[in-house]
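Quick notes on the structure that follows.
Chain letters run A, B, ... following the sequence lines, proteins first and then strands; every chain starts at 1. Scope of the values below: all heavy atoms of this structure, side chains included, with no hydrogens, waters or symmetry mates. The structure displayed is predicted, hence computed values, not measured ones.
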Amino acid sequence: MPQNNFYDDVYQVVRLIPSGRVTSYGAIAAYLGSKQSSRVVGYAMMACGTAQPPVPAHRVVNRQGLLTGKFHFGGDTMEQLLAHEGIKVIDNQVQNFKEIFWDPATELNL
DNA sequence: ACGATGACAAACA
DNA sequence: TTGTTTGCCATCG
């Protein structure tokens with residue numbers, strides 16, 4: 001099932017996210033060339049459970065730095081993972097989000 | 001095989 | 001200014 005185009009692209013970008021950094025769905029979508037597909041990026045994260053190797057979806061948050069999909073991880077797993085990366089998460093929101101924000105279009109310097 | 005849905009974000013009124 | 005509507009692609013029923 002890999003090679004599903006958009007999904008596979010999203011998975012690769014997400015796997016490139018360095019530890020201690022986070023990115024947003026819109027940033028990935030924009031990097032792929034269409035910010036309109038931000039929704040598909042988010043959904044790709046949901047299907048990431050079937051992707052091989054698994055993607056660090058816990059490093060992907062929405063534009064507000066809010067852990068929208070933490071519920072899909074199974075409780076507070078997402079917060080624990082982010083905390084383990086050194087990212088402080090309070091009230092399902094990433095602190096210093098702007099500082100640890102990892103934009104592929106910028107960091108990868110395409 | 002078809003219809004509805006789903007981890008978002010930006011544009012329009 | 002806030003609230004609502006549209007765009008996107010794959011998976012589930």
Side-chain angles (χ1 to χ4, degrees):
Chain A
M1 326 113 63
Q3 299 197 339
N4 276 6
N5 292 337
F6 224 94
Y7 277 37
D8 192 38
D9 268 346
V10 173
Y11 297 148
Q12 290 188 65
V13 175
V14 174
R15 284 183 302 202
L16 291 174
I17 302 174
S19 177
R21 289 290 209 288
V22 291
T23 190
S24 60
Y25 305 97
I28 298 172
Y31 175 68
L32 296 180
S34 296
K35 57 194 178 193
Q36 306 179 248
S37 38
S38 56
R39 198 171 192 205
V40 187
V41 175
Y43 193 57
M45 298 287 85
M46 175 194 99
C48 79
T50 62
Q52 272 289 310
V55 286
H58 58 273
R59 292 182 188 156
V60 185
V61 296
N62 70 348
R63 216 32 180 152
Q64 309 168 41
L66 193 69
L67 281 60
T68 47
K70 83 124 183 185
F71 208 68
H72 288 259
F73 270 82
D76 52 339
T77 305
M78 193 168 181
E79 296 181 34
Q80 298 300 305
L81 289 171
L82 290 173
H84 183 68
E85 300 280 319
I87 301 173
K88 295 175 178 64
V89 180
I90 302 177
D91 190 31
N92 296 340
Q93 187 171 329
V94 177
Q95 303 304 300
N96 299 332
F97 173 65
K98 186 175 62 178
E99 297 181 26
I100 64 178
F101 178 61
W102 183 83
D103 187 347
T106 301
E107 303 302 312
L108 297 181
N109 202 323
L110 188 62

Would you indicate whether the side-chain heavy atoms of A:Val10 and A:Met45 approach each other to under 4.5 Å?
yes
Under a single-linkage definition using a 4.5 Å side-chain heavy-atom cutoff for Ile, Leu, Val, Met, Phe, Trp and Tyr, are A:Val94 and A:Phe73 assigned to the same hydrophobic cluster?
yes
Regarding A:Ala57, tell me which of base, sugar-phosphate or nothing describes its non-hydrogen contacts under 4.0 Å with the strands shown.
base
Expected output check: what is the dot-bracket annotation of DNA chain B, where ( ) and [ ] are pairs inside the strand (brackets for crossing ones), | is paired with another strand, and pairs are Watson-Crick or G-U under 3.5 Å?
.|||||.||||||
How long is the line joining CG of A:Asn92 and P of B:dA7, in whole Å?
14 Å
When the distance from CG of A:Asp9 to C1' of C:dC8 is rounded to whole Å, what number comes out?
14 Å
For A:Val60, the option from A:Ile17, A:Val55, A:Val22 that meets side-chain contact (heavy atoms from CB on, under 4.5 Å)
A:Ile17
Whole-Å distance, A:Tyr11 OH to C:dT11 C1', equals 10 Å
How are the rings of A:Phe97 and A:Phe101 set relative to one another: parallel (under 30°), tilted (30 to 60°) or perpendicular (over 60°)?
tilted
Whole angstrom value for the distance that separates P of C:dT6 from NZ of A:Lys35
18 Å
Rounded off to whole Å, could you give me the CD-to-C1' distance for the A:Gln93 and B:dC8 pair?
16 Å
When A:Tyr7 and A:Asn62 are each assigned the nearest nucleotide of DNA chain B, the 5'-most assignment goes to A:Tyr7
Could you state the atom-to-atom distance from CE of A:Met78 to C1' of B:dA7 in whole Å?
8 Å
Rounded to the nearest angstrom, tell me the gap between atom CG in A:Asp8 and atom P in C:dC8.
21 Å
So A:Leu16 and A:Trp102, do their side chains get closer than 4.5 Å, heavy atoms only?
yes
Do A:Thr68 and A:Tyr25 touch side chain to side chain, with heavy atoms closer than 4.5 Å?
yes
Tell me which residues in residues 37-46 of chain A lie within less than 4.0 Å of DNA chain C, going by non-hydrogen atoms.
A:Ser38, A:Arg39, A:Val40, A:Tyr43
Are any non-hydrogen side-chain atoms of A:Leu67 and A:Glu79 less than 4.5 angstrom apart?
yes
Using modelled atom types and a 3.5 Å cut-off, is there a donor and acceptor pairing between side-chain atoms of A:Tyr11 and backbone atoms of A:Ala44?
yes
What is the distance, rounded to the nearest whole Å, between atom CD1 of A:Ile28 and atom P of B:dA10?
13 Å
Kindly point out which of C:dC8, B:dA9, B:dA11 is positioned nearest to the side chain of A:Gln36?
C:dC8
The residue among A:Met78, A:Lys70, A:Gln93 that forms side-chain contact (heavy atoms from CB on, under 4.5 Å) with A:Val61 is A:Met78
